[in-house]
Amino acid sequence: MRRMTPLARLALLVCAAVFAAGACAPGQGPGGQGPGGQGPGGPGPGGQGPGGQGPGGQGPANPGPPAPDRGGPDRAAAPQAPVEPDGLPLVLAPSPTARHYAMRSFSTGLTVDAGGRHWCLVLEVSTVERARSLVLCRSDDGGASWRRVAATPTAWSEFGAIQGEPTADVLHVAWAGRVGDDGFTSALYQRFDAAAGTFVGEPEVLQRGSGSQDQFGVADLGVATDRTVAVVVTTHRQPKQPPWPSGWSSGLMVRRAHGREWRGPLPLHTHRYGVWTNLQVHDGRAHATFRTSPSHSMIGYRSLALSDLGFEQDEEHEVSVRPDSGLRVANASSLLVGPFGERTVLYPAGADDRGGKGRLLVAHAAPGEPWRTEVLVDDPPLAVGNVAQEHFALVRRPGRQAIALYSKVRERHRVLYRRVLEQGRPMEPERAIARSELPDAYVRVSAMRDPRLDGPLWALVSGDGAGAALGVRAVRAPGTFTARWR
């Protein structure tokens with residue numbers, strides 16, 4: 001590609017700023033959504049409720065209700081200026097009628113089928129009407145090129161998760177969607193035939209919403225080796241049915257292999273809140289991290305034995321730094337369970353919600369050992385408290401290694417980095433793997449986290465504001481090799 005002249009670059013940035021102002025006014029997503037929790041807000045990476053889960057974005061107050069959905073990215077967008085690509089393979093690009101976003105950083109938005117083909121979920125938000133859908137895209141060449149295959153079969157779909165199987169061309173898809181003429185969201189699940197490229201049967205309702213104050217979303221999904229399926233369902237405001245501990249809760253719905261009925265919900269948290277939940281299914285256990293609040297905000301960890309659906313801890317373990325360290329946490333975390341049962345959690349911490357002493361921290365524990373903490377990178381402007389960032393994620397590597405992918409607030413998310421971890425410890429200097437002239441180009445990272453998978457694809461990334469003009473892109477490992485199940 002020919003290099004842009006300095007004058008052309010200046011014109012691009014001016015046009016991008018105009019575009020961002022027109023398409024994403026304050027409070028409208030895909031970033032800023034209102035002060036609270038989980039409701040049907042915009043798609044963006046912005047802050048979430050006292051935790052924020054639900055079908056949409058959530059804002060930075062605590063606890064506070066979500067802001068009303070003001071349309072945000074549903075509004076007609078201004079014409080897009082030409083954008084210089086960042087060199088990453090394109091999954092879906094914005095169009096005059098729609099914008100596209102990767103799944104949330106705590107959700108499994110990327111998987112592989114039994115034949116080694118990659119699949120992902122992408123949120124498509126119409127810019128000409130109030131419509132949202134989840135698009136399934138497939139790559140047959142390790143993420144180098146992609147094609148659109150299908151979309152979720154509900155009139156309105158928001159965030160969800162997708163997971164494949166090593167021995168069958170079946171994909172498991174769970175998402176927040178509207179049932180029939182409902183004007184509010186429910187937690188849904190449906191199988192997808194990867195060979196035929198079609199959904200099987202009708203969506204199953206895991207938890208049905210009953211009104212604007214009683215809605216449900218999906219945070220994550222996992223599938224065990226014996227084909228047991230576990231889905232993290234999230235609540236919004238005032239769920240009417242027990243056993244939810246609060247209006248901002250997360251719980252597991254579980255179905256045995258070849259079974260027909262779902263068990264649950266099984267709330268993951270014992271304290272008041274349980275939000276932004278990651279799920280990893282490994283060795284017969286469902287592992288989860290989430291933000292919760294006993295007397296202070298913390299990142300909690302808990303595991304469930306799938307054999308008897310019993311929790312292995314009486315209450316969630318605190319894996320994050322405590323307030324007496326001078327640091328506080330935010331809402332988000334990224335969990336990775338390794339092939340030997342070791343657990344690694346990447347999360348932000350800092351002084352307060354205005355920024356200061358910001359950094360990304362890594363918590364790590366081998367089976368039977370206590371959690372310890374390492375500093376991944378200092379990023380002073382990074383804000384914490386009841387806000388959320390999605391610009392980081394963990395990716396599995398062979399053995400006991402992991403890769404941290406992240407961008408930095410102080411660089412306005414213009415550079416994507418990688419750093420190798422060995423048993424939770426940074427092992428080498430960070431390396432820049434992609435750059436863009438547009439701000440907020442890498443504000444969301446949705447990674448390949450299944451401990452059973454080796455492959456050439458690490459993650460999907462997408463931007464916000466001006467950075468959203470780059471679309472959804474794929475981040476690939478160096479070299480050429482095919483995906484395989486362990």
Side-chain angles (χ1 to χ4, degrees), residues 40 54-55 103 107-124 131-140 147-210 215-234 241 251-266 279 281 286 306 309 450 485:
M103 292 297 96
S107 303
T108 303
L110 188 60
T111 191
V112 173
D113 64 22
R117 297 169 296 188
H118 287 85
W119 292 81
C120 71
L121 284 180
V122 172
L123 176 64
E124 182 172 80
R132 294 173 183 164
S133 61
L134 291 181
V135 178
L136 282 80
C137 297
R138 192 184 86 192
S139 173
D140 299 333
R147 68 183 183 90
R148 182 185 185 122
V149 177
T152 45
T154 49
W156 177 282
S157 300
E158 299 202 67
F159 288 102
I162 186 170
Q163 180 67 65
E165 289 188 17
T167 58
D169 273 332
V170 173
L171 304 178
H172 302 265
V173 185
W175 73 98
R178 295 180 181 175
V179 179
D181 296 328
D182 289 352
F184 35 85
T185 59
S186 299
L188 307 175
Y189 164 88
Q190 194 169 4
R191 285 159 47 98
F192 183 85
D193 187 326
T198 59
F199 279 95
V200 178
E202 297 295 327
E204 299 178 50
V205 180
L206 304 180
Q207 292 284 294
R208 185 160 190 165
S210 64
Q215 302 190 68
F216 295 92
V218 169
D220 211 349
L221 174 152
V223 181
T225 303
D226 70 355
R227 307 183 77 181
T228 295
V229 180
V231 179
V232 179
V233 172
T234 63
Q241 298 184 12
L252 286 173
M253 299 291 295
V254 180
R255 182 162 70 186
R256 307 282 191 192
H258 311 296
R260 293 187 176 183
E261 295 189 1
W262 291 89
R263 299 279 301 277
L266 306 170
L279 182 69
V281 173
L306 294 174
L309 301 187
D450 195 310
W485 291 88

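All values below come from the heavy atoms of this structure, side chains included, with hydrogens, waters and symmetry mates left out. A quick note: this is a predicted structure, and the numbers were derived from the prediction, not measured.
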How long is the straight-line distance from [atom2] of [Y] back to [atom1] of [X], given to the nearest 0.5 Å?
| X | Y | atom1 | atom2 | result |
| --- | --- | --- | --- | --- |
| Met253 | Arg263 | CE | CZ | 10.5 Å |
| Arg132 | Ser157 | CZ | OG | 11.0 Å |
| Phe199 | Thr152 | CZ | OG1 | 6.0 Å |
| Ile162 | Ser107 | CD1 | OG | 12.0 Å |
| Trp119 | Leu136 | CH2 | CG | 6.5 Å |

Which atoms form the tightest heavy-atom contact between [X] and [Y], and what is the distance?
| X | Y | value |
| --- | --- | --- |
| Cys120 | Leu110 | CB-CD1, 3.8 Å |
| Arg227 | Val223 | CA-CG1, 4.0 Å |
| Pro265 | Gln207 | CD-NE2, 3.8 Å |
| Thr154 | Gly177 | OG1-CA, 4.3 Å |
| Trp175 | Glu158 | CB-O, 4.3 Å |

With distance as the sole test, does [X] use its side chain to make a donor-acceptor pair with the main-chain N or O of [Y] at under 3.5 Å?
| X | Y | result |
| --- | --- | --- |
| Ser186 | Gly209 | yes |
| Gln190 | Gly201 | yes |
| Asp220 | Thr108 | yes |
| Glu124 | Ser133 | no |
| Thr185 | Ala176 | no |
| Trp485 | Gly116 | no |

* **Working for side chain to side chain contact (heavy atoms under 4.5 Å, CB included), residues Val205 and Leu188** => CA-CA 5 Å; Val205 180; Leu188 307 175; 3.8 Å; yes

* Quick one: do Leu252 and Leu279 satisfy side chain to side chain contact (heavy atoms under 4.5 Å, CB included)? Show the steps, please. => CA-CA 10 Å; Leu252 286 173; Leu279 182 69; 4.0 Å; yes

With sequence neighbours left out, write down each residue that passes side chain to side chain donor-acceptor pair (under 3.5 Å) with [X], or none if nothing qualifies.
| X | answer |
| --- | --- |
| Trp262 | Glu204 |
| Arg256 | none |
| Arg208 | Asp182 |
| Asp193 | none |

* To do: Decide side chain to side chain contact (heavy atoms under 4.5 Å, CB included) for Leu123 and Leu134; before the verdict, give the C-alpha distance in whole Å, the side-chain angles of both, and the deciding distance to 0.1 Å.
  => CA-CA 5 Å; Leu123 176 64; Leu134 291 181; 3.9 Å; yes

* To do: Could you walk me through whether Thr228 and Val254 pass the side chain to side chain contact (heavy atoms under 4.5 Å, CB included) test, one step at a time?
  => CA-CA 7 Å; Thr228 295; Val254 180; 3.7 Å; yes

Using the side chain to side chain contact (heavy atoms under 4.5 Å, CB included) criterion, which residues pair with [X]? Sequence neighbours excluded.
| X | value |
| --- | --- |
| Ala150 | Phe192 |
| Arg260 | none |
| Ser210 | Asp214, Lys240 |

* State which residues pass salt bridge (charged side-chain N to carboxylate O under 4.0 Å, His left out) with Arg191; sequence neighbours excluded, sorted by chain then number. => none

* Residues forming a salt bridge (charged side-chain N to carboxylate O under 4.0 Å, His left out) with Asp226, sequence neighbours excluded -> none

Can you give the donor-acceptor pairs under 3.5 Å from side chains of residues 166-174 to other protein atoms, not counting sequence neighbours?
residue	atom	partner	partner atom	Å
His172	ND1	Tyr189	OH	2.6
His172	NE2	Glu165	OE2	2.6

